[in-house]
Structures are given as C-alpha cells and as structure tokens.
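Working notes, beginning with the structure itself.
Residue numbers begin at 1 in each chain, while the letters A, B, ... track the order of the sequences.
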2 protein chains.
Amino acid sequence: MTGMELRHLRYFVAVADYGGFSRAARRLYVSQSALSEQIADLESELGVQLFDRSRLRTVLTAPGELFLKEARKLLSGADAAIKVARLSASGDLGEIRIGFFTGGVGPNFPRLIQRFRQSHPRVHIALHEMIPALQWKALADGTIDIAFTRRLEVPYSNFLTSEVLRKDPLYAVLPKNHPLARDVVDIRALSHERFVMCARETSPSLFDKMIELCSEAGFSPEIVNTANVWSSIVLLVQAGEGIAILPANTLQELPKTGLVFCPLKQKNASIDLVMAWSPDRESTVLRHLQQLIREAGGKV
Amino acid sequence: MTGMELRHLRYFVAVADYGGFSRAARRLYVSQSALSEQIADLESELGVQLFDRSRLRTVLTAPGELFLKEARKLLSGADAAIKVARLSASGDLGEIRIGFFTGGVGPNFPRLIQRFRQSHPRVHIALHEMIPALQWKALADGTIDIAFTRRLEVPYSNFLTSEVLRKDPLYAVLPKNHPLARDVVDIRALSHERFVMCARETSPSLFDKMIELCSEAGFSPEIVNTANVWSSIVLLVQAGEGIAILPANTLQELPKTGLVFCPLKQKNASIDLVMAWSPDRESTVLRHLQQLIREAGGKV
DNA sequence: GTCATCTTATCGGTTTTTCCGATCAGCCCC
DNA sequence: GGGGCTGATCGGAAAAACCGATAAGATGAC
C-alpha cells in the first residue's frame, strides 16, 4: 500500500477501454497477471471495487465509471504537464517581465517587443516602466527578469549581469545666441557656465556623468536649478537660467526654438544604455529575448 | 525511463516546497539520495531541468516553476479522484435514473423521491415517465437503473430482478342502477356483461389479468370498446357502453357521478406494482433507494 | 586563502515492488 | 459435458526504489 500511481490509472483505463484484463494486457504488452495485481492494488487502495468481474465481459461498477472520468482527466493532465515543462524549457511558453524607462529606450523598442511577441505567442510579456534604481532593485528581488537601464552601480553590479547596448552621446543645450553655440563644444569651455541639471534622484547616471566630466575638465559646475523631466530642463534653458547637458537620443522630441544642440568634444561624454538581468534566474525565454536584442544590434 | 509517476510529482513538490533535497527528504522520511535519484529521473524523463542546484538554496528554474503548478493540480486531482470513488461507493455521489408510470405510482412517490434527494444531495436523480414495456427495455439496456412498474413478463423476468411493493385490488366500475351494484361483486356474475377495457398496449398487465380472471370464472369477456386513459374508460361506462374493471388506486381521481365502484370477490383480483432493476448493475445508490422504499412499506 | 558546514550527486548493496509464466477456478456457448 | 474464454493466485525472476557512505561543490567565518 504505497499510494496510488499513474501506472495504476494507465492500467485501469486500459482495462476499462478494452473491456477486460486479458485484452488490455495484450495491448499494453504486459502479462495479464501483472495487470490483475495492479488493479487489485488500486481497488484495495481506494477501498472500492472498480470492476464487476462476474460476467464474461468485465464491466465497470458505478464508482468505477466515475473514477474512469477522473483517471482520464489525470492522465491527460499529466501529458499536459509534461508538455508545459518542455515548452517552457524551449522558451515557447512562459512569462517575461521587462523593465524599461522613458528616455532610455526609443521608438525601436516597442517594435522589437512586438516582434518578440509574434515569435513567442505563448509567452506572456509584462512591461514595467520604472526608473533605473528601481529596475535594479526589481531585478535583484526577482520582480522583473530583464531591464533596459543605465549602467549598474554597486551593490547591484556585483550580482547582476549587464551588457552595453548603446552609448548615448551627451549634447550641450545652449541658447542660440550663446558664444559657444558652434558645432562641437569642449566641456572645458563651460567651466564658468551656470548649469540646469536633471535631479539626481531622477537620473543619477546622467548627473554623475556630468559631475565626472566637469571634474575631469578641472572644475566643479555651478548648478542653478534642477528639474525632473527633460522638457522642463529645456524650458529653463530657453528662459535663460543656464545651460544643460542632455543625452542625444532625448533631443529629437524636445522643443528647440531658440536653442542649439552641440555635441561635446570629449570621447567619454556619453552615458550607456545597458540591458541587465540576474544570472541566477536565466531562462530560455530570457535568452531568446536577449538574442533578439543583440541581432537588432542593440538598437532599442 | 518507465514513465512519470505520481511519486515523482510528490517528491518534486516537496523539494520545491521545502527548498531543498535534504530538507524535503527529512520531511518525507526518505533518504536524500533516493530523493535525488527520483528527481533526476523525472528531469531526464521530461528532458527539462527543474531545479537550479548551483546555489546553497535549491531553487526552481522557470520551467520548474510552471511544472510545479501543474504538479500541484495533478496531486490534488488525484486526491479528488480517490474521494469521488469512495463517495460513489458509499452511495453519496452519483446518478440514479428512475422509470415510473402514471397510474402506477401515487402521490406518495414524489414525497419519497424528495426525501431521497435530501438524504443524498450529491446524487443526481433523473425521472423518466414511460409505460411498463418501455421501462423493462430501458432496464435491460441500462438506460434506467430502477423502475416502478408492473409485474415483469418474459423475457425480462429472466434477467431482471423485481420486488412486489403493493397489490392494487381490482374494482368493478358499474352504473349506479346496475343490478349488481352492491358491496362485493363475484366476477362470475359478470359473464354476460359487456366490457370497456383498457387497450392492451397501454396496460397489458391489467388487460391480461382481466382475461385471466374471466377465464378462471369460465367465460370469455365480450369487449365492446377500448380506451387509453382511465377517464375515457369511466366516461364510456357512464355513457352506458358497458362495465369496466379498474385497479383501486386509480379510482380516487376519477369522476364517479352515476357510478358505483365495487371490489371483486376473487382473492387474486388484483395487479401488482413492483420495483424492478438489473442485478448486473446494482450500485450502492440503487440499494439506498430500494432501502428507502422498503422502509416506507413500499407505499409509492 | 583555509576551514567548517552546508548543499546535492554518486556509488554499492539491500529491500521492495513489479512482472512473468504456469496453473486454477468460474462462466458461457456449443 | 467439453472447449474456449474469462480473471485470480502462486513462486520465482527482473526491475525499481531505497539506503548509507562518501565525494564534490558552494558558502560564509575567520
């Protein structure tokens, strides 16, 4: 009496379907005695007689009839479970939760997601918009599976994996009549400017990169104001508060009346867009998505 | 590779729930090695890695996570299946299809059915109204499980079981001014009467019993008319077509203006109401219903 | 880096279970 | 009443599940 097993159910269904132990045994390629014993085991386990063997053709009892339906359900359920596991392992079934942030991913991102959705119709895709710091936290505690984010900072860089997709060059945002409003600007020329910054909580990578660049150029920037959205920063520049440094990819969507956007001369004047994930929680679905992103040249 | 078994699922769920092979093994009272082997078997059967064992705490892979849900469903389904079989065996779950016929069962029948329904709420009761000959056929081919019917005739009496519930005495239905309209009538006094009969197809038992009684009394009845419903027969008697012989239990509901109902003197002047079933297809539910009927004194 | 301590995997050997083949008893039809 | 079915039962063989010991790997304290 070691508990009911699927083998019991397989045998039981066969006996019911083929209308007898001998017939079923032939179909199953087992001996009639083995079948007989297994069914007897099952019946004693249940404490229920499943077959009426008194007549020539073995026939189900009333409880047997009901149990047959349940047994069929279980067996097909078992097949389904196996299928689920295999589909999931092959990356054709499951879920992927993606973190992104505005200003990070561009218009190509939805197109890539759409392509992934089409090639993996049985994978549920959950998109979560969150700022980079929250993305890292979400990756760490498993709330999301992959993030399109800024370069990882400690401690997250210790246990998360990341891959640079794109380098967004930084541009100086200057009033049109500004004396430095030329093609390329050397950041060292901006040492006495007044700066409108993005709040550090909103975009620490940009803020820190900016500080770093100035530091390398030998000065500490005078910050006269901060804002939380790109358009507000631009508005402040238009109003003459000061100048700003913004990543190139955000500029297209911004108003540019009265402004000039100038690339910075410094080679490292750029911030990275990376995709990051937890190496402990890799899955085939995740790898498929990564592969798609890589094949698209990382252009998200 | 002998196929997935419920044991594999039980072990798998335990390992997932207790977060490790060793912990699960302690809870299951099996050795860690046994558990390890079984899970390895399962994984190779599926062709899917279910756990990530690289870290201290064993953790599910993405396919493992999905498979866990399926495994839980299957295990609780297995429990449910066992429950279904046991409930059915104890007569607390299932279906019973009952055949009856008007004129056979009386006003107490619905009350008894109602009582059975209350004591067996999970048993589906299907009531089928059909004339006795059809009841027997339905019993024979398993369309119904029990019938409240007339005494079985060959060939059905050979393989169906029956039990007499009630004897309905036969009454002579006479016009009020009939010379024999007294308390008790001897059938021999009716030898020269004209008879209104129930059509044999409608009620062969009554018809045959009537013929039998007359035959025993030494005459063959003159049948002047037949009808298919009791009220029509009575109407014909009221109209002076002849006299009739009807079972007592039908008389209450019939119009009796201008008529007298007289019991017959003959001891065997009665027809039986029986319950019949197929002994090959007995079930606990069936036996419970029979028991209820018997405890009610067969008064249906 | 090393040790202590946890983890799971692997290996013989034992126990348990399943399976087989033969045989027996019951039912049905001829 | 035999011949041909049925399923049940038996002893022995094959397969499996299981165990205990041990190895290999990861983690965390020092």
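The aromatic rings of A/Phe116 and A/His120 lie parallel to each other, their planes meeting at an angle below 30°, with 60° marking the opposite boundary.
Remark: B/Arg117 engages no residue in a side chain to side chain donor-acceptor pair (under 3.5 Å) (not counting sequence neighbours). Residues passing the salt bridge (Lys or Arg N to Asp or Glu O under 4.0 Å) test with B/Arg281: none are found, sequence neighbours excluded. Not a single salt bridge (Lys or Arg N to Asp or Glu O under 4.0 Å) links B/Arg122 to another residue, sequence neighbours left out. Partners of A/Asp79 according to the side chain to side chain donor-acceptor pair (under 3.5 Å) rule, which considers only residues two or more places apart in sequence or in another chain, do not exist here. Under the rule for a side chain to side chain donor-acceptor pair (under 3.5 Å), A/Ser162 has no partner lying at least two apart in sequence or in another chain. Residues satisfying the side chain to side chain donor-acceptor pair (under 3.5 Å) test with A/Lys73, not counting sequence neighbours, are A/Glu70.
Counting to the nearest Å, the P atom of C/dT17 and the CZ atom of B/Arg7 are 11 Å from each other. Distance, B/Tyr29 OH to D/dG20 C1': 19 Å, rounded to whole Å. Note: CG (B/Asp52) to P (D/dA26) measures 11 Å, nearest angstrom. We find that CD1 of A/Ile39 is positioned 11 Å from P of C/dC19, with the value rounded to whole Å. When rounded to the nearest whole Å, the span between CG of A/Asp41 and C1' of D/dA8 equals 13 Å. What separates CD of A/Gln49 from C1' of D/dA8 is a distance of 13 Å, to the nearest Å. Straight-line distance from the CG atom of B/Leu28 to the P atom of D/dC19: 10 Å, rounded to whole Å. Distance, B/His8 NE2 to D/dA17 C1': 9 Å, rounded to whole Å.
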Name every donor-acceptor pair, under 3.5 Å, that has one atom in a side chain of residues 57-67 of chain B and the other anywhere in the protein, sequence neighbours excluded.
unit_1, atom_1, unit_2, atom_2, d
B/Thr61, OG1, B/Gln49, O, 2.8
B/Thr61, OG1, B/Leu50, O, 3.2
B/Thr61, OG1, B/Gly64, N, 3.1

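End-to-end axis angle for the helix from C/dG1-D/dC30 to C/dC30-D/dG1, using five pairs per end and rounding to 10°, comes out at 30°.
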* Structure fact -> B/S/- along nucleotides 6-13 of chain C (protein heavy atoms under 4.0 Å) is -SBBBB--
* **Pair A/Lys209-A/Asp272, salt bridge (charged side-chain N to carboxylate O under 4.0 Å, His left out): steps then yes or no** => CA-CA 10 Å; A/Lys209 186 65 175 183; A/Asp272 297 342; over 6 Å; no
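Comparing A/Ser54 and A/Ser31 by the nucleotide of DNA chain C that holds the closest heavy atom to each, the one mapping nearer the 5' end is A/Ser31.
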